2 protein chains.
Amino acid sequence: MPTVSSEELAAAAGVNSAKLRKDFSYLGSYGTRGVGYDVEYLVYQISRELGLTQDWPVVIVGIGNLGAALANYGGFASRGFRVAALIDADPAMAGKPVAGIPVQHTDELESIIRDNGVSIGVIATPAGAAQQVCDRLVAAGVTSILNFAPTVLSVPDGVDVRKVDLSIELQILAFHEQRKAGEEATAGAAAVQAAAREETSTDQGPDGDVPAVMPA
Amino acid sequence: MPTVSSEELAAAAGVNSAKLRKDFSYLGSYGTRGVGYDVEYLVYQISRELGLTQDWPVVIVGIGNLGAALANYGGFASRGFRVAALIDADPAMAGKPVAGIPVQHTDELESIIRDNGVSIGVIATPAGAAQQVCDRLVAAGVTSILNFAPTVLSVPDGVDVRKVDLSIELQILAFHEQRKAGEEATAGAAAVQAAAREETSTDQGPDGDVPAVMPA
DNA sequence: ATGCCTTTGTGAACGCGTGCACAAAGATTG
DNA sequence: CAATCTTTGTGCACGCGTTCACAAAGGCAT
Ligand SMILES: NC(=O)c1ccc[n+]([C@@H]2O[C@H](COP(=O)([O-])OP(=O)(O)OC[C@H]3O[C@@H](n4cnc5c(N)ncnc54)[C@H](O)[C@@H]3O)[C@@H](O)[C@H]2O)c1
Ligand SMILES: NC(=O)c1ccc[n+]([C@@H]2O[C@H](COP(=O)([O-])OP(=O)(O)OC[C@H]3O[C@@H](n4cnc5c(N)ncnc54)[C@H](O)[C@@H]3O)[C@@H](O)[C@H]2O)c1
């Protein structure tokens, strides 16, 4: 039975082992003292808690460059997401397969959502169409939306929206880049100091971020 | 002179006004008591601190669906990023314009980086090519990388990498979706309670996240 | 010029998450 | 079966960020 200790996991993840153990303890007592955690069991428990055991049908609306890239992305399937349908307003695209899935026309949006029990929708249309598409998705039963269009969507209570703006990722890189260059103390360095404390980390994720407040 | 009070801004951003004032105070004393903050001046100061006043040349490597979508994305230019070049290994693509910019062959990578003084690179190649592309970018002088390929890149010290995995965004939605459904107390709800505290927020960003630890 | 009213900037208190440190638990060995 | 060793689970303390609350500052009206 392959096991890992909290110490090993913590080192791998770059966090404190006590914190890791405490975090795990909220999910239940899945470790064995003197031994560690049964890897397979632990992965299952965390997966279950995170909702990775069930698979979620998702629809992608707006099959342009971005929509096509998402449809082709293998990382979705491997994390329990199934692309149930691709939807586009362009009649010329209807029936054309993208990533092996035939594109369907927006007219079918409502029936697709209902027939497949879709609760998660991805919007990759131009900004002008996003709110309208959003409204139709929500009306048809979608309660979670991943929005790539550069618009803030308004949705009723109970519906989650996550807006993705990749230029923010670049901004974060540029922010650190700027600090690398001007090491000779730009004015107001205090805030930056605070924001960039644990600089020398090796992680590649949306952590160790950047200040929060900034108007669009 | 149009102004805003910390109270207004805080309400708009959904944060505490005292925190907002304290944050601003780290950048300097840019407000006027009894009046508020001069909007234009404030925007400029924050922009400068965040590095938005200078413009950054970036290169995108791997002009497939995703690379093309990024090249076309208007949000980059509006935030001070300029697409200096598009690079692809496919000889058939060389010279073909994408988003008005002719694609250049990978052979030219080093000279492009040097000639344009590029320090930020975007990798949108297949996973297999990512590390190799990364190495060349870094060797040529790039010190910040935005990586879309599903690989963890290894880079020397002093180089920043941000990995973007959009399936994580879906996972976060699915996580909350799961909670909406099974309100009748799944086992181990404690952690989830903690993670999802401030549920009823109206923001659409990478905040109010999800637990941290999970193996790939 | 004086006084009032608004809003900033910040010292101090509070609360929460993180990390320390250890007792309890179980496995393993003789 | 007892002794030992490893590693978990967690009470507790510390530190940091958030929030409160207010004095100081500046505008504006009289
Ligand atoms: N957030 C980011 O970082 C980011 C990055 C790249 C692109 N984008 C945005 O993503 C969106 C798509 O980008 P793209 O490069 O794929 O654009 P695109 O023009 O290639 O594709 C848009 C697609 O949406 C379809 N469409 C238009 N109106 C529609 C409607 N009402 N219903 C259904 N489909 C409709 C069009 O037919 C087209 O196929 C744009 O809004 C763009 O700004 C965002
Ligand atoms: N992180 C995410 O959420 C996400 C989403 C979608 C796609 N992706 C990833 O992004 C990458 C690109 O996706 P795509 O749909 O655009 O793929 P794609 O196959 O359409 O495009 C890949 C492009 O890279 C080029 N290329 C291959 N090797 C190269 C090299 N050594 N140097 C330069 N260019 C090279 C190819 O010629 C092609 O044009 C893939 O790795 C994919 O898994 C990630």
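Values in this document were obtained by computation on a predicted structure and should not be read as measured data.
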Atom pair distance, as rounded to whole Å: [atom1] in [X] and [atom2] in [N]:
{"X": "Asp23(B)", "N": "dT10(C)", "atom1": "CG", "atom2": "P", "answer": "13 Å"}
{"X": "Phe24(A)", "N": "dT7(D)", "atom1": "CZ", "atom2": "P", "answer": "16 Å"}
{"X": "Asn16(B)", "N": "dT10(C)", "atom1": "CG", "atom2": "P", "answer": "16 Å"}
{"X": "Tyr30(A)", "N": "dA25(C)", "atom1": "OH", "atom2": "C1'", "answer": "18 Å"}
{"X": "Glu7(A)", "N": "dA21(C)", "atom1": "CD", "atom2": "P", "answer": "14 Å"}
{"X": "Met1(A)", "N": "dG26(C)", "atom1": "CE", "atom2": "P", "answer": "13 Å"}
{"X": "Arg21(A)", "N": "dA24(C)", "atom1": "CZ", "atom2": "C1'", "answer": "13 Å"}
{"X": "Leu9(A)", "N": "dT6(D)", "atom1": "CG", "atom2": "P", "answer": "19 Å"}

* To do: Could you tell me whether the side chain of Gln131(B) and the main chain of Ser154(B) form a donor-acceptor pair under 3.5 Å?
  =>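 Yes, Gln131(B) side chain to Ser154(B) backbone: donor-acceptor pair under 3.5 Å.
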
* Side chain of Thr32(B), backbone of Val35(B): donor and acceptor closer than 3.5 Å? ->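 Pair absent, no side-chain N/O of Thr32(B) close to backbone of Val35(B).
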
* Identify, between Ser25(B) and Thr32(A), the residue whose nearest nucleotide on DNA chain C lies closer to the 5' end. =>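 Here Ser25(B) is the residue nearer the 5' end.
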
* Closest nucleotide of DNA chain C for Ala18(A) versus for Val35(A): which of these residues is on the 5' side? ->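 Of the two residues, Ala18(A) wins.
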
If you restrict it to nitrogen or oxygen atoms, what contacts under 3.5 Å exist between nucleotides 11-13 of chain C and the protein, and what is each distance?
residue	atom	partner	partner atom	Å
dG11(C)	O6	Lys22(B)	NZ	3.3
dA12(C)	N6	Lys22(B)	NZ	3.1

* To do: Look at all strands and tell whether Lys19(B) reaches a base, only sugar-phosphate, or nothing, counting heavy atoms closer than 4.0 Å.
  =>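 Base, at least one base atom sits under 4.0 Å.
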
* To do: Have a look at Ser17(A) and say if it touches a base, only the backbone sugar-phosphate, or nothing, with a 4.0 Å heavy-atom cut-off.
  =>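 The answer is nothing, as Ser17(A) stays clear of every strand by at least 4.0 Å.
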
* Check: Asp165(A)/Tyr73(B) side-chain N/O donor and acceptor closer than 3.5 Å ->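 Distance-only check passes for Asp165(A) and Tyr73(B).
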
* With a 6.0 Å cut-off on ring centres, are Tyr37(B) and Phe24(B) close enough? ->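 Yes: the rings meet the under 6.0 Å criterion.
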
* To do: Kindly indicate whether the side chain of Arg33(A) and the base of dT8(D) share any N or O donor-acceptor pair separated by less than 3.5 Å?
  =>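 Result: at least one qualifying N/O pair found.
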
* Asked: In this structure, are over 12 heavy atoms from other groups packed under 6.0 Å from Glu8(A) atom CD?
  ->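 It does: Glu8(A) CD has more than 12 such atoms within range.
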
* To do: Heavy atoms only: give me the nearest Cys134(B)-Ile145(B) pair and the separation to one decimal.
  =>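 Closest approach of Cys134(B) to Ile145(B): SG-CD1, 3.6 Å.
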
* Should Tyr41(A) and Met1(A) count as side-chain neighbours, where that means a heavy-atom distance under 4.5 Å? ->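 Answer no - side chains too far apart.
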
* Can you check whether Tyr37(B) has a side-chain N or O nearer than 4.0 Å to OP1 or OP2 of dT6(C)? ->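 Tyr37(B) to dT6(C) OP1/OP2: no side-chain N or O under 4.0 Å.
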
